[in-house]
S.K.: 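Right, I'll just put the structure down here and ask away after.
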Amino acid sequence: MLTHMPVLVLNASYEPIHICTVRRAILMLFSEKAMVVEEREELVIRSTSRELVVPLVIRLLAYVRIPYLEWVFNRRNVFLRDDFECQYCGVTRPAGELTIDHVLPRSRGGRTTWENVVTCCRGCNRKKANRLPGECGFVLRSPPKRPGSRCMMLATRCNRTDVDKWRRYLFV
Ligand SMILES: [Zn+2]
């Protein structure tokens, strides 16, 4: 579906702030809240009265202050950071079937921070209990860390080719 393809939204300052759908981007363009920065040249949306090249990157005309760019630390965002994937066995599950695991267990002084908490399936959580990963043969798929910008995290969930085309805006 063309209208559900992702569009990178830049602030008036060109800072990437959001990823929305083509549908939402077109509404912002029509209401003159944004302008097109890059288009998907090969894709055109036709209605009875007009043709529009599908936007790839748009930019807001007015600068908006975004206080929520920092990720709040909570369960849901830990799952998002880890792509809902158990960081020990790699299984992917819906949020309701996942839990968070303290890499250094709380009983041994481990803290509840981005750097010490990972997404974990119930099976692995039970097996690991109050041990360190190395003590039960577990290997972390990637070391837990504080996530980067919210936009970058959203981008990693989008189609590889889209992210490639956005790259120069994401790393400004
Ligand atoms: Zn697991």
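What you see is a predicted model; the values in this text were computed from it and never measured. In each ligand, atom 1 is the first atom listed, and ligand 1 is the first ligand listed.
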S.K.: Keeping the roles fixed (side chain from N116, backbone from R111), state whether a donor-acceptor pair exists under 3.5 Å.
M.R.: yes
S.K.: Side chains of residues 51-61: which donor-acceptor pairs under 3.5 Å do they make with residues two or more places apart or in other chains?
M.R.:
| unit_1 | atom_1 | unit_2 | atom_2 | d |
| --- | --- | --- | --- | --- |
| E51 | OE2 | R46 | NE | 2.7 |
| R59 | NE | A12 | O | 3.0 |
| R59 | NH2 | A12 | O | 3.0 |

S.K.: Output, by chain and residue number, all protein N/O/S atoms separated from the Zn ion (ligand 1) by less than 2.8 Å.
M.R.: C86 SG, C89 SG, C121 SG, C124 SG
S.K.: Without swapping roles, check the side chain of Q87 against the backbone of E85 for a donor-acceptor pair under 3.5 Å.
M.R.: yes
S.K.: Is it the case that the side chain of R81 and the backbone of R146 share a donor-acceptor pair, with hydrogens and angles ignored and the cut-off at 3.5 Å?
M.R.: no
S.K.: Could you check whether any side-chain N or O of R24 sits under 3.5 Å from a backbone N or O of V7, counting only pairs where one atom can act as donor and the other as acceptor?
M.R.: no
S.K.: I'd like to know if the side chain of D101 and the backbone of C120 have a donor-acceptor N/O pair within less than 3.5 Å.
M.R.: no
